[in-house]
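One structure is given here, and the rest of the page talks about it.
Chain A is the first sequence line, chain B the second, and so forth, proteins listed ahead of strands; every chain is numbered from 1. Atom set for the values below is all heavy atoms of this structure, side chains included, hydrogens, waters and symmetry mates excluded. Here the structure is a predicted model, which means the values were calculated and not measured.
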Number of protein chains: 2
Amino acid sequence: MPKRADLSDTFCPVGRSAELLGDRAVLLILRDLFFGRRRFEAIAANTGLGPQLVSARLKLLEGEGVVERHAYQDRPLRHEYRLTDKGKDLFGVLYAMRGWAERWAYKDGETGGGPAMRYIHRACGSDVGTATVCPGCGAALGYGDLKGDPSPALKAEQAARAG
Amino acid sequence: MPKRADLSDTFCPVGRSAELLGDRAVLLILRDLFFGRRRFEAIAANTGLGPQLVSARLKLLEGEGVVERHAYQDRPLRHEYRLTDKGKDLFGVLYAMRGWAERWAYKDGETGGGPAMRYIHRACGSDVGTATVCPGCGAALGYGDLKGDPSPALKAEQAARAG
DNA sequence: CTTGTCACTATGATTATCATAGTTACGATG
DNA sequence: CATCGTAACTATGATAATCATAGTGACAAG
């Protein structure tokens, strides 16, 4: 493609976010990072993206201050990727995407009755459904407040991709 | 690009959303639709996207049931685009993106002190900041509950693009 | 000293994107 | 009645991002 117009200097906040988030690969990598996958190969395998794309996007995310490269061993030198505070704060976006998909993107019965991914409010134990506020205790929900529980179908899919 | 892997049959809800939302043009068009721009030319002008891209993405969004084409006059025949209920339900995603950008994507003073886009809770009049729950009355916030108020800088930028 | 793992980089074919220009249908202006 | 203007597109060609596949470097284990 030709060089796309730069949105990083627009005053519109959605435009600024779109510059980073309007990209399939970025979204999938962030999802995996939130899911706890920190290693390059694990991310590449689960997302199905080629190593070149994963590499490019992780560099981009690092440059944006959303992700940090961290050596987890010295001999041989190996790195893992972690979300920074700025990165963790993107949880609201991914959680909203998940909520929308749970409500609209599945055929009846496709997930076996429940959601593809259940979230439990750690503090009170309630299943929060797709709400932004805990239906049990009324608290606002952020990353860290929630415990994800993938459905059997989702778990099987991920296991298959991990090879 | 080569044909990218299809994510519409993954069990991961973020993956399904990413198939649609992991695209700059889609995000910008949705933003404009939420902002009240319904006409093709208005969207093309404000987003800065070429007519071919706008056309392709509106067709995609229509096919996904997110947008509806609606004739607003007969002679000559003219169409406008409106969000369906499924489309309006994407507000949470765009709102989360806006919140993240307001918190992280601006340099100090760049917006003149306040947010680039203020949101007021219609029911109680509170400025909601970037919260998902009204800080004034505690209600959960959705599209329709909020009244957007662009900062002078953002208003000027949009006026300039409208030509 | 061959095999395996991890984190990448290199290469080449494919195709989406952009900028620009053109089209269709109509109404209004001169 | 011929041109101009507007809205909503479609057509064309150059450019560049993406994918699949293969290869690299550093080390450890067998």
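If B/Pro51 and B/Arg57 are placed on DNA chain C by their nearest nucleotide, the residue sitting closer to the 5' end is B/Arg57.
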Distance-only donor-acceptor hits, side chain of residues 25-50 of chain A, under 3.5 Å, sequence neighbours excluded:
residue: A/Arg31; atom: NH2; partner: A/Asn46; partner atom: OD1; Å: 3.4
residue: A/Asp32; atom: OD2; partner: A/Arg37; partner atom: NE; Å: 3.1
residue: A/Arg37; atom: NH2; partner: A/Asn46; partner atom: OD1; Å: 3.3
residue: A/Thr47; atom: OG1; partner: A/Ile43; partner atom: O; Å: 2.7
residue: A/Thr47; atom: OG1; partner: A/Ala44; partner atom: O; Å: 3.4
residue: A/Thr47; atom: OG1; partner: A/Leu49; partner atom: N; Å: 3.2

Show me the side-chain donor-acceptor pairs of residues 126-133 of chain A shorter than 3.5 Å, one per line, residues at least two apart or across chains.
residue: A/Asp127; atom: OD1; partner: A/Gly129; partner atom: N; Å: 2.9
residue: A/Thr130; atom: OG1; partner: A/Arg103; partner atom: NH1; Å: 2.8

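One interatomic measurement links the two molecules: CG of B/Leu77 to C1' of D/dA8, which rounds to 10 Å at whole-angstrom precision. In this structure, CG of B/Leu49 is placed 15 Å from C1' of D/dC9, rounded to the nearest angstrom. Put simply, CG on B/Leu53 is 11 Å from P on C/dA16, counting in whole angstrom units. When rounded to the nearest whole Å, the span between CD1 of B/Ile43 and P of D/dA8 equals 9 Å. Taking atom CZ on A/Arg75 and atom P on D/dA29, their separation rounds to 12 Å, with Å as the unit. At whole-Å resolution of the value, CG in B/Leu27 and P in C/dT17 are 13 Å apart. The CZ-P distance, from A/Arg38 to C/dA7, rounds to 13 Å in whole Å. Put simply, CG on B/Asp74 is 11 Å from P on C/dG27, counting in whole angstrom units.
Residue A/Gln52 places no side-chain atom within donor-acceptor reach of the base of D/dT21, judged by atom type and a 3.5 Å distance cut-off alone.
Between B/Ser55 and D/dT10 there is a side-chain N or O to OP1 or OP2 distance below 4.0 Å. Between A/Arg24 and D/dA17 there is no side-chain polar atom (N or O) within less than 4.0 angstrom of OP1 or OP2.
The side-chain contact (heavy atoms from CB on, under 4.5 Å) check on B/Arg122 picks up B/Lys147, with sequence neighbours excluded. Applying the ring pair (Phe, Tyr, Trp, His ring centres under 6.0 Å) rule to A/Tyr119 yields the partners A/Tyr95; only residues at least two apart in sequence or on another chain are considered.
A side-chain donor-acceptor contact under 3.5 Å links B/Arg98 to the backbone of B/Met117. At least one donor-acceptor pair under 3.5 Å links the side chain of A/Thr84 to the backbone N or O of A/Gly65.
Clustering of Ile, Leu, Val, Met, Phe, Trp and Tyr by side-chain heavy atoms under 4.5 Å joins B/Tyr106 with none of the others.
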Pull out every protein N or O sitting under 3.5 Å from an N or O of nucleotides 1-6 of chain C, one pair per line with the distance.
residue: C/dT5; atom: O2; partner: A/Arg78; partner atom: NH2; Å: 3.3
residue: C/dC6; atom: O4'; partner: A/Arg78; partner atom: NE; Å: 3.2
residue: C/dC6; atom: O4'; partner: A/Arg78; partner atom: NH2; Å: 3.4
residue: C/dC6; atom: O2; partner: A/Arg78; partner atom: NH2; Å: 3.4

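When distances run from any side-chain atom of A/Lys59 to the nucleotides D/dC9, D/dA28, C/dT9, the shortest one goes to C/dT9.
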